[in-house]
Protein chains: 4
Amino acid sequence: MPKTLKLQDNNKLETAAKIRAAADELFCHHGYDAVSIQDVARHAGVQKALVFYHAGSKAALFEQVLEAYYHAHQQALATAYEAGGTLAERMHRMIDAYLTFMADNLRYAALIQRQVGSPETHPLIQRNMAPLFTWIEAALAPLTPKTGPLAARHFFVTFSGLVINYFTYAPLLASLWQGDPMSAAALEERRRHVHWMVDTMLAALEAAGPG
Amino acid sequence: MPKTLKLQDNNKLETAAKIRAAADELFCHHGYDAVSIQDVARHAGVQKALVFYHAGSKAALFEQVLEAYYHAHQQALATAYEAGGTLAERMHRMIDAYLTFMADNLRYAALIQRQVGSPETHPLIQRNMAPLFTWIEAALAPLTPKTGPLAARHFFVTFSGLVINYFTYAPLLASLWQGDPMSAAALEERRRHVHWMVDTMLAALEAAGPG
Amino acid sequence: MPKTLKLQDNNKLETAAKIRAAADELFCHHGYDAVSIQDVARHAGVQKALVFYHAGSKAALFEQVLEAYYHAHQQALATAYEAGGTLAERMHRMIDAYLTFMADNLRYAALIQRQVGSPETHPLIQRNMAPLFTWIEAALAPLTPKTGPLAARHFFVTFSGLVINYFTYAPLLASLWQGDPMSAAALEERRRHVHWMVDTMLAALEAAGPG
Amino acid sequence: MPKTLKLQDNNKLETAAKIRAAADELFCHHGYDAVSIQDVARHAGVQKALVFYHAGSKAALFEQVLEAYYHAHQQALATAYEAGGTLAERMHRMIDAYLTFMADNLRYAALIQRQVGSPETHPLIQRNMAPLFTWIEAALAPLTPKTGPLAARHFFVTFSGLVINYFTYAPLLASLWQGDPMSAAALEERRRHVHWMVDTMLAALEAAGPG
DNA sequence: GATGAATGAGTATTCATTCAT
DNA sequence: TATGAATGAATACTCATTCAT
């Protein structure tokens with residue numbers, strides 16, 4: 001009976017997937033410490049011991065969630081890394097890719113936000129940031145000095161902040177924004193704001209002459 | 001016996017202060033969930049039950065810490081709120097006040113960062129952000145439209161992010177910055193970067209004509 | 001109301017004592033691994049968390065039990081260590097002290113027996129054995145060589161075994177002994193057996209001349 | 001296909017044997033309670049469920065290990081039981097057989113040592129001791145009284161203790177012995193010590209006249 | 001103001017064991 | 001014969017909190 005087989009296969013696959021999905025949601029929502037394996041098990045509709053069977057430990061489960069986001073993030077930016085065109089075009093594309101990924105993975109912002117404070121997670125976050133930093137440094141090299149207030153590294157912090165902060169502070173901004181700051185229209189507006197900031201900044205750098 | 005009374009008063013103050021100081025340090029460093037009252041008591045060098053006597057509960061103790069930062073923050077920005085001069089001057093002063101407060105209260109950034117994800121803390125953070133938002137909206141009113149990508153609210157998110165993100169991501173940036181990103185020299189460099197961003201942005205807005 | 005005070009005092013003292021007593025009995029009966037803190041708590045009639053409050057941890061509780069026996073043991077042998085008389089008299093007195101202590105602390109033999117296999121307990125047992133070894137070596141020095149089959153260290157193993165083994169194997173010997181091997185009469189018989197062994201051995205050593 | 005069959009047979013044997021070997025080593029080293037089936041499986045390099053398939057249960061696996069030692073022990077003493085010669089010769093041979101078996105099965109001493117405290121194992125240990133006890137009682141019958149301090153049963157406890165205790169306490173004696181108490185030279189020395197004790201004791205009993 | 005004892009629910013993790021395949 | 005998933009009870013230990021003194 002292939003049907004039975006398929007069902008069982010689905011069940012097996014589903015168990016591990018259900019656990020990861022539950023862990024993802026809970027960790028992102030409440031943070032590592034505030035979530036217990038009991039919570040994850042309840043949320044996934046499985047038994048507590050089964051979470052350990054599949055994930056090994058709470059820390060390992062958390063790392064799996066982080067790792068999944070890391071891969072998704074890198075993949076999301078991959079095309080933007082390699083795309084050509086003018087500097088402004090390339091910057092715009094990178095920002096669009098970043099914004100789209102964040103909008104598609106709203107929990108991710110919250111996760112990272114919280115974990116920035118936990119040194120154990122730093123290596124993973126650094127690994128995550130490194131390619132983007134390298135890319136921005138290379139892209140801005142013709143226009144920016146190696147050091148000082150206009151060095152590329154400052155623009156890296158500035159522009160990643162322009163994107164990330166919108167998402168992390170979104171729940172707090174709901175009262176300032178009329179309507180949902182995560183709606184398609186609001187996100188599009190933010191996208192154009194960041195593009196404007198990029199264009200303005202690039203124009204100023206170009207006017208000032210090469211770094 | 002005033003002498004005894006005074007001593008007792010000092011002891012009282014000292015005990016409560018020691019507890020708050022310990023709570024401050026631990027909550028900021030490890031987050032609410034990762035800190036136990038036992039930890040706070042040990043760190044303060046007092047008995048566990050005394051923490052409850054003075055603070056009431058763990059949640060109340062945490063709120064006291066948050067509230068203290070809230071007041072310190074408002075006080076730190078108070079002069080900048082009222083200062084006069086050109087728009088650029090006023091923006092610079094506000095940014096300087098913000099940066100200085102953050103540099104003086106490095107733990108605060110970490111605290112807020114973590115708590116942004118916890119809905120219970122949202123009211124306090126919103127209360128904290130409100131005056132600054134109002135101020136920026138008023139300050140930029142002559143130059144920015146009420147809605148759209150160049151509305152003041154976007155610049156609020158953008159510039160508070162320019163400041164805050166530098167602090168929250170600092171421990172991750174250590175490898176990119178050569179040397180400590182929290183050193184006086186590094187902070188001064190960041191200050192000048194943000195000033196440049198403000199000046200550039202204001203110039204562009206002015207060139208484009210009133211919102 | 002002194003009565004109430006006394007009762008409360010007793011209760012406080014009793015709690016720690018009840019826990020130690022329960023731990024003593026259970027650890028000796030079933031061994032470290034087979035006893036859970038839950039068991040100890042139930043046996044002492046207190047709550048599980050209270051065991052940790054008073055003892056710190058399972059390992060610490062176990063060490064407290066061991067340590068108590070160690071002190072009792074040393075105290076039990078103290079007089080015999082210092083007593084004078086002929087070599088035979090001193091050996092007899094030591095054996096009597098040892099046998100009496102073991103008979104009064106039947107659980108102790110079982111405890112040590114089991115723990116001999118656990119390296120973590122070795123230091124404590126070695127500390128326990130050291131004074132007796134030193135004493136026997138000094139006492140037999142005039143009669144035994146420093147090395148070889150008749151060295152004092154062999155007699156230490158032999159005579160401590162003569163005493164200890166009787167107790168550790170007692171529950172297995174019940175069928176061979178008619179009646180209880182732990183009865184006063186049976187113990188007195190064993191005492192005389194060990195004395196006879198000592199006398200026989202000393203006579204042989206003396207006949208053979210100084211080591 | 002006999003070849004395949006044979007291979008399968010070998011694999012079967014190997015799997016069961018690997019499990020028993022792993023169980024043997026772990027149980028002897030750490031005791032019943034401290035060893036999990038997971039440990040055994042890992043140590044044997046097989047799957048956890050396979051251990052249950054082959055052994056039935058943890059208790060059954062443990063009994064298999066004990067039973068194997070029981071058989072090996074009886075077999076090791078078998079020749080000594082039946083050998084002829086003078087009483088001293090027969091005693092020496094028995095002691096040699098015992099010592100050799102213990103030296104060849106060092107883990108066994110540790111196992112028995114621990115299990116003496118567990119009533120469930122008593123029947124097996126008693127079954128193990130019975131033939132030796134009967135043999136010693138018969139051998140010493142001409143020289144010893146039926147009861148009292150010089151009854152054969154005391155010499156049974158005494159001489160089995162002389163042998164066994166050396167092995168069980170060996171890890172604790174390492175510091176007293178210079179060098180390894182389990183080295184061939186050290187074991188030979190102990191053998192001669194026990195022989196001397198036997199000879200001395202027999203001579204004294206003979207001098208005293210028949211029991 | 002301060003303390004030590006007590007509590008009951010919670011934590012992550014491991015257990016021996018079963019079972020469908 | 002072998003396996004991977006699943007289970008429910010148990011493990012040592014910590015938690016915030018209370019309370020009598």
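Here is how names work: the chains are called A, B, and so on, in the same order as the sequence lines, proteins then strands, and each is numbered from 1.
The base-pairing partner of E/dC15, taking Watson-Crick or G-U wobble contacts with both distances under 3.5 Å, is F/dG8. The nucleotide F/dT21 finds its pairing partner in E/dA2, both defining distances of the Watson-Crick or G-U wobble pair being shorter than 3.5 Å.
Within the 3.5 Å criterion, the main-chain N or O of D/S36 finds a donor-acceptor partner in the side chain of D/D39. Of the possible donor and acceptor atoms, one in the side chain of D/R114 sits under 3.5 Å from a partner among the backbone N and O of D/H29. Under a 3.5 Å cut-off, the side chain of C/Y32 and the backbone N or O of C/A59 do form a donor-acceptor pair.
Residue C/L50 is classed as a base contact, given a heavy-atom separation below 4.0 Å to a base. Across all strands shown, B/V35 has heavy atoms under 4.0 Å from sugar-phosphate atoms exclusively, and none from any base.
In this structure, CZ of C/F62 is placed 14 Å from P of F/dC13, rounded to the nearest angstrom. Computed from coordinates, the D/L61 CG to E/dC15 P distance equals 15 Å when rounded to whole Å. For the pair C/L26 CG and F/dA12 P, the computed distance is 12 Å after rounding to whole Å. What separates CZ of B/F52 from P of F/dC15 is a distance of 11 Å, to the nearest Å.
For F/dT14, neither phosphate oxygen OP1 nor OP2 lies less than 4.0 angstrom from any side-chain nitrogen or oxygen of B/S36. One finds a side-chain N or O of D/H54 lying less than 4.0 angstrom from the OP1 or OP2 phosphate oxygen of F/dA2. Between C/T15 and the phosphate of E/dA5, there is no side-chain N or O to OP1/OP2 separation shorter than 4.0 Å.
Relative orientation of the C/F27 and C/F62 rings is perpendicular, given thresholds of 30° and 60° on the angle between their planes.
The nucleotide whose nearest atom lies closest to any side-chain atom of A/K58 is, among F/dA2, E/dT13, E/dG4, E/dT13. Among the nucleotides E/dG1, F/dA16, E/dA12, the one closest to any side-chain atom of A/I37 is E/dA12. Closest to the B/Y53 side chain, of the nucleotides F/dT18, E/dA2, E/dT13, is E/dA2.
For the pair A/S57 and D/D33, nearest-nucleotide mapping onto DNA chain E gives the more 5' position to A/S57. Positionally, the nearest nucleotide of DNA chain F for A/Q47 lies more toward the 5' end than for the other of A/Q47 and C/K48. Each of B/D39 and C/Q38 has a nearest nucleotide on DNA chain F; the 5'-most of these lies closest to C/Q38.
Counting all heavy atoms, side chain and backbone alike, D/V35 lies closest to D/V40 at CG1-CG2, 3.7 Å.
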